[in-house]
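Structure first, then comments.
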Protein chains: 2
Amino acid sequence: MEQSLIILKKNGLSVTGGRKKILDLFLDAQGALAHSDIEKNTSVSFDRVTVYRTLQTFTDNGIIHQIPTTDNTILYALCKDKCEAGHHHDEHVHFICVDCDKTICMDEVTVPDVKLPKGFNPIQTAMIVKGICNDCRN
Amino acid sequence: MEQSLIILKKNGLSVTGGRKKILDLFLDAQGALAHSDIEKNTSVSFDRVTVYRTLQTFTDNGIIHQIPTTDNTILYALCKDKCEAGHHHDEHVHFICVDCDKTICMDEVTVPDVKLPKGFNPIQTAMIVKGICNDCRN
DNA sequence: AAAAAGATGCAACAATATTGCATTTTGTGT
DNA sequence: ACACAAAATGCAATATTGTTGCATCTTTTT
Ligand SMILES: [Mn+2]
Ligand SMILES: [Mn+2]
Ligand SMILES: [Zn+2]
Ligand SMILES: [Zn+2]
């Protein structure tokens with residue numbers, strides 16, 4: 001059975017053309033995708049609204065996770081960890097290449113713990129490294 | 001002399017009502033501010049465009065720095081470190097309280113180094129911790 | 001005080017995001 | 001296979017957010 005089907009079923013989501021297509025995009029993607037990437041890359045285009053709602057649904061169900069940025073976009077990437085609905089466990093570092101602009105999930109690089117001042121209770125930590133990626137250095 | 005004046009002069013920026021007012025907002029603020037906060041909090045309101053341009057200017061000159069988020073906004077906060085025009089040195093952790101929604105610069109908590117896979121060259125690292133802040137825990 | 005450089009506001013426009021509702025599609029039980 | 005209920009989609013309208021050019025006003029420099 002197709003990977004995208006498996007994921008949708010496992011999460012109790014009904015299988016629709018749009019969801020399959022968008023999920024396949026993520027499964028095939030090199031790096032993270034922004035909303036705009038999805039609108040561009042789907043030759044057969046869905047309504048913008050559907051894309052918004054699909055990304056929301058996937059995020060809620062722990063299928064994709066969000067990556068914070070400083071340019072008024074949100075990046076999304078597949079959760080490869082054991083994320084559940086309502087609680088993500090993506091504690092890996094994200095690398096944004098300033099050259100090719102790709103964003104890569106470094107699944108093998110765990111976000112280090114950090115000691116916070118007394119009284120601050122951490123729930124989730126994100127780490128974003130900007131730099132030159134493997135492909136772009138020469 | 002007023003703090004805001006000093007900062008503007010030091011950066012060779014001409015002193016205008018708008019810049020002073022916005023800079024004072026940052027100097028008084030508890031945490032980081034989004035564009036929308038500035039529009040709301042300035043009783044005397046400037047044109048939206050001026051706010052955009054002012055934030056851009058401040059960022060370019062190393063007066064404020066950006067904090068990435070996952071909600072299609074950018075947060076801005078005063079640079080307390082020795083940032084220069086064109087090159088920031090804000091290597092501190094940012095804490096976002098999921099309760100009161102404030103974002104705090106933890107100037108004393110340095111972003112830890114992280115070992116990247118071969119071929120990846122880091123330039124700048126951001127760390128955002130979500131959790132419950134000092135004021136909100138009880 | 002005058003000139004030059006720079007900042008601002010306005011208007012128009014572009015891009016992005018949200019909501020309600022009618023219609024279509026999907027999953028479920030027969 | 002069929003009918004029904006539940007859910008997803010598209011569309012339209014609206015709201016929010018961001019960008020650009022240009023005329024005017026303000027600040028800085030001479
Ligand atoms: Mn990731
Ligand atoms: Mn900061
Ligand atoms: Zn690259
Ligand atoms: Zn709080």
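The sequence lines fix the lettering, A, B, ..., with proteins before strands; numbering per chain opens at 1.
Note that OG of B:Ser4 is 12.5 Å distant from CZ of B:Arg19, once rounded to the nearest 0.5 Å.
Residues B:Thr57 and A:Thr73 both approach DNA chain C. Their nearest nucleotides, taken by heavy-atom distance, put B:Thr57 toward the 5′ side. When each of A:Asn72 and A:Gly18 is assigned the nucleotide of DNA chain D bearing its nearest heavy atom, the one mapping closer to the 5' terminus is A:Gly18.
Atom NE2 of A:His35 is separated from atom P of D:dT17 by 17 Å (rounded to the nearest Å). For the pair A:Asn11 CG and D:dA7 P, the interatomic distance rounds to 16 Å; values are reported in whole Å. Here the P atom of nucleotide D:dA8 and the CG atom of A:Asp60 are 11 Å apart, to the nearest Å.
Contact of the A:Leu116 side chain with the A:Pro122 side chain is registered, since non-hydrogen atoms from C-beta on lie closer than 4.5 Å. Contact annotation: the side chain of A:Tyr76 never approaches that of A:Ile38 to less than 4.5 Å [non-hydrogen atoms, C-beta and beyond]. In this structure, the side chains of B:His35 and B:Thr73 stay at 4.5 Å or more apart for every pair of heavy atoms. Counting only heavy atoms from C-beta outward, the side chains of B:Glu2 and B:Asp24 approach each other to under 4.5 Å.
When DNA chain C is scanned in the 5' to 3' direction for atoms under 4.0 Å from non-hydrogen atoms of chain B, the outermost contacting nucleotides are C:dG6 to C:dA17.
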Scan nucleotides 23-30 of chain D against the protein and return all N/O pairs shorter than 3.5 Å with their distances rounded to 0.1 Å.
residue	atom	partner	partner atom	Å
D:dT28	OP1	B:Val15	N	2.9

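Every residue two or more places apart in sequence or in another chain that forms a side-chain contact (heavy atoms from CB on, under 4.5 Å) with A:Thr70 is listed here: A:Lys130, B:Gln66, B:Pro68. Residues passing the side-chain hydrogen bond (donor to acceptor under 3.5 Å, both in side chains) test with B:Gln56, sequence neighbours excluded: B:Asp60. Looking at residues two or more places apart in sequence or on another chain, you find a side-chain contact (heavy atoms from CB on, under 4.5 Å) between B:Arg53 and B:Val49.
More than 12 heavy atoms of other residues, nucleotides or ligands sit less than 6.0 Å from atom CG of B:Asp28.
Minimum heavy-atom separation, B:Val111 to B:Met127: CG2-CB, 3.9 Å.
The side chain to side chain contact (heavy atoms under 4.5 Å, CB included) test with A:Ile63 is passed by exactly one of A:Leu55, A:Asn11, A:Thr54: A:Asn11.
Remark: B:Arg48, B:Val49, B:Tyr52, B:Arg53 in residues 47-54 of chain B come within less than 4.0 Å of DNA chain D through at least one heavy atom.
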